[in-house]
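All values reported here derive from a predicted model rather than from experimental measurement. Lettering follows sequence order; numbering is per chain, from 1.
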Protein chains: 2
Amino acid sequence: MMGTPLTVVDLIERAEKYFPKKEVISRTHTRTECLTYEQIGKRTRSLSSALASLGVKKGDRVGTLAWNHHRHLEVYFAAPSMGAVLHTINIRLSAEHLIYIINHAEDKVLLIDADLLPLVESVKDQLNTVETFIVMSDEKAVPESSIEGLLSYEQIVADGDETYQFARDIEEEDAAGMCYTSATTGKPKGVVYSHRGIVLHSTALSMADTAAISESDSVMPVVPMFHVNAWGMPFVATMLGATQVLPGPRMTPQIIAEMMDKYDVTISAGVPTIWLGLLQELNKGTYDTSSLRAILCGGSAAPKFMIKAFESDFNIPFMHAYGMTETTPLVTLARLKSYQVDLPEEERLEIRSRQGQVVPGLEIKVVKDNGEEVEADGEEMGELLVRGPWIADEYYKDDRTKDAFKDGWLYTGDVVTIDEEGSIKIVDRMGDLIKSGGEWISSVDLENALMAHPAVFEAAVVSVPDPKWQERPVGCVVFKEGKEASEDELKTFLASQFAKWWVPDQVLFMDELPKTSVGKFLKRDLREKIKEQLL
Amino acid sequence: MMGTPLTVVDLIERAEKYFPKKEVISRTHTRTECLTYEQIGKRTRSLSSALASLGVKKGDRVGTLAWNHHRHLEVYFAAPSMGAVLHTINIRLSAEHLIYIINHAEDKVLLIDADLLPLVESVKDQLNTVETFIVMSDEKAVPESSIEGLLSYEQIVADGDETYQFARDIEEEDAAGMCYTSATTGKPKGVVYSHRGIVLHSTALSMADTAAISESDSVMPVVPMFHVNAWGMPFVATMLGATQVLPGPRMTPQIIAEMMDKYDVTISAGVPTIWLGLLQELNKGTYDTSSLRAILCGGSAAPKFMIKAFESDFNIPFMHAYGMTETTPLVTLARLKSYQVDLPEEERLEIRSRQGQVVPGLEIKVVKDNGEEVEADGEEMGELLVRGPWIADEYYKDDRTKDAFKDGWLYTGDVVTIDEEGSIKIVDRMGDLIKSGGEWISSVDLENALMAHPAVFEAAVVSVPDPKWQERPVGCVVFKEGKEASEDELKTFLASQFAKWWVPDQVLFMDELPKTSVGKFLKRDLREKIKEQLL
């Protein structure tokens, strides 16, 4: 067979050739724009030519600090298609981490949204490798800034060569992208995505048995484009010529709901906290979301009541998935098998509230401390291991590689069970599982149960040291606007669903829960925070 | 990213792990069997262990002469999963070609359906490399045969090790399969399929925008398993845990229709002549085919009336595709784009009667004699070139490689047009296009027009030399049972649809048309045949 490499170039060129009339709808800082793939293609080529003119060479890193919009999409293709590496930077990082990862990745160029310029201005003197700063805004004019020689994105695209020929010397193992993931302790860890990995991941997302992304879809990535390539949505949508709806800067549940309604979004992707917010917004009842065929949810386990609410109240199918920065990210996805579709509703909900089966192309196994695989009985817990062509095999120039990558497997740090259908269920993060009196308690199960209470908006459960039981769970709850419940009421609510010793000794009430930059509960901070409250 | 290779082993292991209860329904010589993937997996491992015991080493070729049934499916996985190469042999080859390809491929083992033993017995003394002959039947007993030391498939499977571990030292570029394609002149040409090619082709078939094969499908390959791996259907169906319905030896339109009805087949694949036969059978009106979501048709262009008949008369969606032995085979597939679904019915039919767009993962171009690309206007004709990871890059140990593989492209020998939507339409084979008075006439267009006449069952159009016009078309027609039409009537019928000079000077009536072993019109033979009739 031909040794034709799998590259990101093929994805953008396919959109240009076969879907030039299809559209990307992009909410920017000042307006909502609609560009065809023909326009996106020309602008991407112009940008590639501009990067080349700026001295970007094969393998150089091109950093972005940007929201979900068409310019960011153009960089997604312009950088890898001229041989460079797209480095998407999390805009919610601390200054310390921002400096660390830009220097560690040795970014040569930074493309920055106008409203995020202050972030970069505050750290620019400590960036050792960046030669060119480019501001992305709706104007050609360069805004006032302390960054010397700041260039305008629209100006360099206007000046570029829209017939620029993309690189043809790319090997499929070459780096196409990179993204840093926050570590429990220490500096963020860098993950490099190969061209091959991104292409295979795109095909995985387009399979009928996974997310089934198609040309006829209108795809809205709510998950940020600075987080694991917005779960690969921009790549697969472009490959297939699907309509893209990019919700832009500082999106709110209202903006998301409005755009879903207005642009007939068929599939969207994001973390549970986003969907909790959307659910509240949809309950206001003024949106038509009938075009939605799937809400893809990952990042952390979605509470069962949420799945039910989307499906029963709004007739929006909910699709539970699992992945992480190291896995591009799709690993598993919960779909009913053909012989499960006629099961009673509650059983189906139970199956679909799991994280599901590994997608074609990857392998998983669930192992105990001694390395043996657990029973596939849905009960025995073990760490999830993953292997396959879109799974990282190292952290970029980082000693911590040896902790997570062993014997050809990625050790995810997630504790799961696996049932006889091969469907996994996240029990907890390795560090978050609570060991009480020699038995394990799943913080995730308790959280999801708490969040099903009508007064509770968000809940997290963490362990606190206990002299007698080693560790005990403590609940942390944020109420819905205008609602509340007593500590006793919540404990009684839990006691009806769990063994007595699972019920937290204390439930604390808070105005908000600390979250990571991508919307996951930050349990490390929460444990620190409650130490004070518990004293 | 991990360098995990893409191998056929992953496909069978996925079925074993995640779909052990799903079934393969197999019509054999004496009965219809139903095996689960758990059983298929164990039997496949047993067979792999038996092949290893017989001295089959990595890279050795294992030949099959067999119909579409579960034993053939087991060889599909057993050979490549222990490092050997599955060589499917066309059972309709002449003795001369049979001897040639078995010797040329250097097959070490031959697995032969019991009813096909005579084929092999007649040539066995001229086979230079085969060490072991294995007969596949429903019995463990070995039938009487002139082949010395003939082994029984069921016996070696019973004696094998059902826990055999598949090979882990396979590189994705390693050969997994091979198939010979008949040449216009000379010996058949061998095409080798890599593990990588087969896996990527399987994912291509499972994409929502292509054939969308899914776990919930019941897949019936009517296209023979000795022909381009039954278009990859057994591989993708196994990967996804889809139900497989294998129609067995000497299948007839009646058997196909009965099995479609009985086993709720959702998708089937075959050449137009098969579907013509099925259409006649369905018209007898005693079958429930409501489960069918798609008839996948390739191999040659399907007449528009046939597409219409399936859809209007039987509500069976028809899916037109294009490929060849050298391309694993899927290259293009005709689907409506999202903005085409509301076009008037005739326009939609027109779009869907084309061969369609290239599937994600491959590249095509259409070039003129001078190497320049034709206009994408649906008018200008050129040769179709294909490139990609499941396209062959040579004929196996064959000098004719240089004629078809040039500058990294496969020259298909098919003359096509391409329209502004990127959809191709087959005009003719390079040698079958008729040049009359300096202008091109498409034999395919004339054939499809003739086959739309109510009295015509099959029609082929070939060129004959003409002293004045260089070449002229001649029509060859087979009537439907109990129907007929005059030559003048057919010529008038064509004259209403084509320029006057396109209409064949003569239409000949025949009892049958010569076809290749895979059901395509054998125009070379037809030209020879009519030479006599025209004299």
Legend entry - Proximal component of A:Glu394, with respect to chain B [non-hydrogen, under 4.5 Å]: neither

Inset, instruction - Flag the pair A:Lys17 and B:Glu421 as a salt bridge only when some basic side-chain nitrogen lies within less than 4.0 angstrom of an acidic carboxylate oxygen. - result: no

Legend entry - Listed partners of A:Lys365 passing salt bridge (charged side-chain N to carboxylate O under 4.0 Å, His left out), at least two apart: none

Legend entry - Portion of B:Val386 that has a non-hydrogen atom of chain A nearer than 4.5 angstrom: backbone

Legend entry - Which atom of A:Met207 lies closest to which atom of B:Leu240, heavy atoms considered: CE-CD2, 3.9 Å

Legend entry - Heavy-atom proximity to chain A below 4.5 Å, by part of B:Met239: side chain

Inset, instruction - Heavy-atom distances under 4.5 Å only: say whether B:Leu362 touches chain A with side chain, backbone, both or neither. - result: neither

Inset, instruction - With a 4.5 angstrom heavy-atom cut-off, could you sort out which part of B:Glu363 is near chain A: side chain, backbone, both or neither? - result: side chain

Legend entry - Toward chain A, the part of B:Leu205 with a non-hydrogen atom under 4.5 Å: neither

Legend entry - Value rounded to 0.5 Å, distance of NZ in B:Lys22 from NZ in A:Lys337: 8.5 Å

Legend entry - Heavy-atom contact with chain B under 4.5 Å, split by part of A:Leu11: neither

Inset, instruction - Would you mind checking which part of A:Val341 comes under 4.5 Å of any heavy atom in chain B, side chain (CB onward), backbone (N, CA, C, O), both or neither? - result: neither

Inset, instruction - Answer yes when A:Glu172 and B:Arg196 have at least one side-chain N-carboxylate O distance shorter than 4.0 Å, and no when they do not. - result: yes

Legend entry - For B:Tyr193, ring pair (Phe, Tyr, Trp, His ring centres under 6.0 Å) partners two or more places apart: none

Inset, instruction - Enter the distance from A:Met2:CE to B:Trp409:CH2 here, rounded to the nearest 0.5 Å. - result: 8.5 Å

Legend entry - Residue part contacting chain A, namely of B:Arg387, when any heavy atom lies under 4.5 Å: both

Legend entry - Under 4.5 Å from a heavy atom of chain B, the part of A:Thr328 involved: side chain

